[in-house]
Trainee: 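Below you will find the structure I want to go over with you.
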Amino acid sequence: MRTWALILTGLFVHIVFFYSIFDIYFTSPLVHGMTPVVSNESPPAKRLVLFVADGLRADKFFEIDGDGKSRAPYLRTVIEETGAWGVSHTRVPTESRPGHVALIAGFYEDVSAVAKGWKENPVEFDSVFNESRYTWSWGSPDILPMFAKGASGDHVLTDQYPSELEDFADSDSSKLDTWVFDRVKALFERGRRDNKLAEQLNQDKIVFFFHLLGIDTNGHSHKPQSKEYLENIGLVDSGIKKMTELIEQYYGNDGKTSYLMTADHGMTNWGSHGAGHPHETLTPLVAWGAGVRQPVTRQHTSDPDSYSEDWNLKTLMRSDVQQADIAPLMAYLIGVPYPVNSVGVLPIDYLDCDDRQKSQSLYANARQILSQYQIKMEKKKQTTLSMTFRPYSELTPAIQAEMIRTINKLIQAGDYSTAIKESQELMRLTLQGLNYYQTYDRFFLGVSITSGFIGWTLYILVLVVKEHTDVVRVRVKLVTLQQPVLLRREMIVVQLLTYTHSHALFCVSVQSLPWTYYLYCLLPVALWTVVTLNWYVLQDCSQRLKASPTGVCSSLCLTVLMCILGLEILVAGFFYRELLSVGLVCMGVLPLLSSSQSSDRVIRFGWAVSSLTLAIFPLMPVVGRETNYLLVGGAGMLAICTGVLAIHRLQHSSSPSQHIFSINWIQIALTAMSVYIVMSTSSSIQRKQGLPVINQVFSWLILGVSLVIPMLSGTGVLHRVLTITLAYLPLYLLLSISHEGLFVITLCYLLYFWLQLEEDTSSQMTGHMKQVGSIDFVSPLMSEIKLQQRYLQLEDVRRAFYFVFLMLTGFFGTGNIASINSFEPASVYCFLTVFSPFTMGTLMMLKNVIPLVLVTCTFRAIHITTNVPIRALFLLVLAMSDLMALNFFFLVRDYGSWLEIGTSISHYVIVMCMIIFLMLLFGLSHGLTTFSMIPRKSLKTGAGSPHSQ
């Protein structure tokens with residue numbers, strides 16, 4: 001198979017493997033066709049006011065400050081005198097959209113929304129806003145539109161500020177909340193003059209939604225311990241008091257208004273959110289007004305968790321809820337139907353009503369969730385062969401009917417407490433049943449993908465042995481037809497495989513399952529068919545090993561075992577970054593123990609020192625928790641000194657072209673400019689003067705120049721690698737906020753010594769001494785080098801492993817991209833400060849890609865200097881990466897904490913993206929190292945021109 005065909009095939013196979021995770025774990029939990037169930041026939045309130053303080057942590061809201069006072073005195077008075085309180089427990093990912101969907105729609109976000117940036121609705125869903133008669137909402141353009149677009153009709157009205165106001169560098173982000181309060185005040189003033197608006201405002205089943213983003217923005221910019229964050233809590237509290245007084249005055253204190261104050265998520269101490277730390281998942285909930293119970297004094301004074309010790313609320317009853325439970329609570333208070341997609345359980349501890357009303361409302365809640373279960377079961381039954389359908393045994397139709405009959409009898413008999421318990425049990429079984437049918441096809445899909453993984457990996461190994469070793473050279477030429485084709489052993493296996501998967505494919509087609517399931521069935525057939533037809537290659541390997549000397553077999557087995565052990569360390573390194581340091585220490589020490597005395601001691605020593613230095617970084621805190629721009633400045637100075645020294649050495653070791661090296665001096669100047677921009681921008685933002693326009697312009701200019709400047713240099717190996725490094729260092733520094741700049745420079749040192757070490761090792765093995773500086777990426781002698789390309793050696797397996805290890809070290813060395821809360825807006829402050837998810841995400845991804853590009857370009861240089869076929873190295877890297885991906889496929893879990901579930905899935909996604917990205921990186925590195933805008937005749941630098949030797 002030609003290389004381009006292999007890459008396209010590999011890309012297709014891995015896209016299928018990657019997409020399979022969405023069919024297995026990321027399918028939408030929503031179903032449609034349910035009949036709405038009214039929550040309360042006689043609601044206590046005509047209107048509901050919902051305040052969502054975006055990014056508000058429970059501890060910062062409830063705790064008493066150093067002066068013994070509450071940061072939110074009005075809401076503290078509500079808790080103590082007129083309302084109910086508790087903690088709302090959110091789920092991962094603790095982001096704004098999933099949090100608001102849970103609050104208002106009552107279900108935990110359809111994860112396929114992540115592909116649309118958490119902004120658009122991938123699947124239409126019901127919400128309290130949709131069920132209301134009218135909803136007025138004020139706040140961020142990132143949140144309000146998704147509920148307006150998903151509503152039927154035009155009764156969900158939005159008033160949002162322009163996105164430009166969401167500026168992380170603004171001196172006072174609390175103005176976002178002030179804007180909301182001012183617009184609400186204006187609405188009610190207009191309602192006194194506008195008869196049509198007044199008529200709408202005086203109807204029942206209406207909702208007022210306040211999305212207050214100032215606390216979240218201040219938390220990102222200044223951290224939750226900052227004065228800005230804490231003072232913003234007080235501003236929100238004061239605003240809520242004024243809004244409550246305004247609404248009560250407008251409606252004449254009719255006692256028909258319910259109020260809820262909560263948050264969509266919390267925030268870590270370092271100003272981020274997304275993961276499952278208690279600071280992110282614990283949010284406040286305060287309810288008061290119509291239909292909400294009064295404060296209840298409790299006898300015991302023990303706290304349910306250690307986070308509430310400083311709240312001084314031990315004597316008041318605390319009622320915790322799951323975030324999705326707030327949606328049915330809001331529906332009950334104003335008497336609208338429960339959102340049909342809600343999985344929330346009505347928190348009856350918040351209700352001010354008798355047990356009869358509680359039991360009836362909870363029974364309606366149970367019937368609403370049960371209707372989802374019945375629709376889901378029926379749909380699964382319709383797409384499954386009747387003889388193979390396995391219903392959920394704990395909630396069959398007969399059990400459902402019996403439980404409903406029992407609850408009705410209990411309510412009629414006045415045994416309300418037992419009816420409440422039976423309704424809660426029915427909801428528990430229903431939620432388990434929904435999960436059962438959600439994961440109904442998971443085992444079948446898992447087996448198909450696993451067999452595909454194994455088949456693909458074996459196919460890669462067959463290609464490596466067949467095309468890049470001398471094991472099967474003779475056998476290929478001497479294959480004869482000694483028996484009929486259909487009776488050969490491998491063809492019998494192919495026929496059995498085809499029959500088995502054809503039967504599975506038939507079952508899939510009969511069951512009317514998604515078309516992607518066909519791919520998951522057919523792909524293993526194709527892969528295993530190719531492997532079986534080449535089974536003789538593996539047989540020849542076995543025979544060759546048996547005939548080889550004991551030392552050869554031992555060396556091969558030891559190399560394979562060491563690689564497998566190293567890959568398992570990398571897998572564990574996804575969970576424990578410290579293991580990357582262990583691997584780097586071993587890599588640094590190995591050449592000192594195994595190299596011959598003739599090898600260059602300076603190279604070995606430099607490799608060891610740079611490896612051991614790089615091993616320090618995985619032991620350090622994750623970048624993003626603290627900013628330290630002095631380290632960024634120090635990294636810039638080190639980069640400039642290193643660049644000047646490297647240019648000086650190259651100029652004196654070759655016949656210099658002033659034009660070629662002038663490019664490098666420009667890069668040094670850009671690096672110095674980047675350092676200045678970073679330092680001045682951080683100083684300006686610290687003084688609350690925002691991002692200087694001139695800094696922003698030059699930052700974007702440096703980004704554009706960095707992408708094209710490597711094409712203006714020569715193609716000598718050392719010079720081109722140096723130019724690529726100096727091109728991306730300024731851009732990386734602009735995106736740095738702490739020690740990651742020092743990390744990438746140390747990585748560059750290691751890559752330089754790796755290139756020299758591999759050239760030295762190759763020269764010792766071949767007996768041909770040559771200098772890296774004399775090799776060109778695209779010299780006329782490259783055709784001769786291709787003719788000299790050799791078979792694979794054990795050293796090449798080590799080189800491929802080093803590449804995989806350094807790729808993941810570059811990815812995880814200073815942080816963990818698998819954790820959503822690793823994002824720090826300060827990283828992009830040199831480019832923009834106004835909230836823009838797509839642009840910010842692109843810049844952060846570019847920052848993570850830069851170390852990978854440097855590693856891949858160095859790996860290509862090693863391929864040139866050691867004459868090993870790049871196709872062979874690529875296949876080895878692919879096999880190692882697939883082995884890691886298979887590990888993570890088995891580690892994916894759907895039980896345990898939400899943080900553990902999300903982490904296991906994200907690890908698999910990361911490895912699969914890395915494999916797909918590797919194919920693109922190899923092509924990108926080829927272009928970066930070979931393409932030049934300068935005519936060949938002008939490239940007269942000895943570092944790459946064979947004519948100068």
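For the numbers below, each heavy atom of this structure counts, side chains included, while hydrogens, waters and symmetry mates do not. Residue numbers start at 1 and run along the sequence shown.
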Trainee: Looking at Glu568, I want to see if its CD is surrounded by more than 12 non-hydrogen atoms of other residues, nucleotides or ligands under 6.0 Å.
Mentor: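 More than 12 within 6.0 Å, yes.
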Trainee: Do the rings of His279 and His277 sit parallel, tilted or perpendicular, given the 30° and 60° boundaries?
Mentor: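 Judged by the thresholds at 30° and 60°, the geometry between His279 and His277 is tilted.
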Trainee: Can you give me every donor-acceptor pair (side chain of residues 913-922, partner residue at least two apart or in another chain, under 3.5 Å) with its distance?
Mentor:
none

Trainee: Evaluate Asp882 against Thr457 for side chain to side chain donor-acceptor pair (under 3.5 Å), listing each step before the verdict.
Mentor: CA-CA 7 Å; Asp882 283 323; Thr457 305; 4.6 Å; no
Trainee: Should the ring pair Phe574 and Phe888 be called parallel, tilted or perpendicular, given that the plane angle runs from 0 to 90° and is split at 30 and 60?
Mentor: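 Rings of Phe574 and Phe888: tilted, 30 to 60°.
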Trainee: Is there a donor in the side chain of Thr268 and an acceptor in the side chain of Ser272, or the other way round, less than 3.5 Å apart?
Mentor: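 A donor-acceptor contact under 3.5 Å links the two side chains.
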Trainee: Mind checking whether Phe803 and Phe859 have parallel, tilted or perpendicular rings, split at 30° and 60°?
Mentor: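 The rings of Phe803 and Phe859 lie parallel, inter-plane angle below 30°.
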Trainee: Between the main-chain N or O of Ser738 and the side-chain N or O of Glu740, is there a donor-acceptor pair closer than 3.5 Å?
Mentor: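 Side chain of Glu740 to backbone of Ser738: a pair is present.
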Trainee: Looking at Met679, I'd like to know if its CE atom is crowded, meaning that more than 12 non-hydrogen atoms belonging to other residues, nucleotides or ligands lie closer than 6.0 Å.
Mentor: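 Result for CE/Met679: enclosed.
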Trainee: Between the side chains of Arg798 and Glu758, is the shortest nitrogen-to-carboxylate-oxygen separation below 4.0 Å, so that they form an ion pair?
Mentor: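 Salt bridge flag = yes for Arg798 with Glu758.
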Trainee: Considering residues, nucleotides and ligands other than Phe18, do more than 12 of their heavy atoms fall under 6.0 Å from its CZ?
Mentor: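 Count over threshold, so yes.
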Trainee: Go through His222 and Tyr229 one step at a time and tell me if the ring-ring contact (aromatic ring centres under 6.0 Å, His included) criterion holds.
Mentor: CA-CA 7 Å; His222 307 289; Tyr229 183 92; over 10 Å; no
Trainee: So does Ala615 get a backbone contact from the side chain of Ser581, meaning a donor-acceptor N/O pair under 3.5 Å?
Mentor: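 Yes.
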Trainee: Answer yes or no for Arg577 and Phe812: cation-pi contact, defined as NZ/CZ to six-membered ring centre under 6.0 Å and angle to ring axis within 45°.
Mentor: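 Output no; distance or angle outside limits.
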Trainee: Between His265 and Asp54, do the side chains contain an N or O donor and an N or O acceptor separated by less than 3.5 Å?
Mentor: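 Their side chains do contain a donor-acceptor pair, which is all the 3.5 Å distance test asks for.
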Trainee: If we count only N and O atoms by modelled type, under 3.5 Å, do the side chains of Thr929 and Arg860 hold a donor and an acceptor together?
Mentor: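 Yes.
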Trainee: Does any donor atom in the side chain of Ser96 or Asp264 lie under 3.5 Å from an acceptor atom in the other side chain?
Mentor: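 Yes, Asp264 and Ser96 have a side-chain donor paired with an acceptor closer than 3.5 Å.
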Trainee: Between Glu280 and Arg57, is there a salt bridge with N-O shorter than 4.0 Å?
Mentor: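 Judged by the 4.0 Å cut-off on N to carboxylate O distance, Arg57 and Glu280 do not form a salt bridge.
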Trainee: Are the aromatic ring centres of Trp607 and Tyr802 under 6.0 angstrom apart?
Mentor: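 When the ring centroids of Trp607 and Tyr802 are compared, they turn out to be within the sub-6.0 Å range.
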Trainee: What I want to check is whether the side chains of Thr642 and Tyr749 have a donor and an acceptor closer together than 3.5 Å.
Mentor: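 There is such a pair (donor and acceptor under 3.5 Å, judged by atom type) between the side chains of Thr642 and Tyr749.
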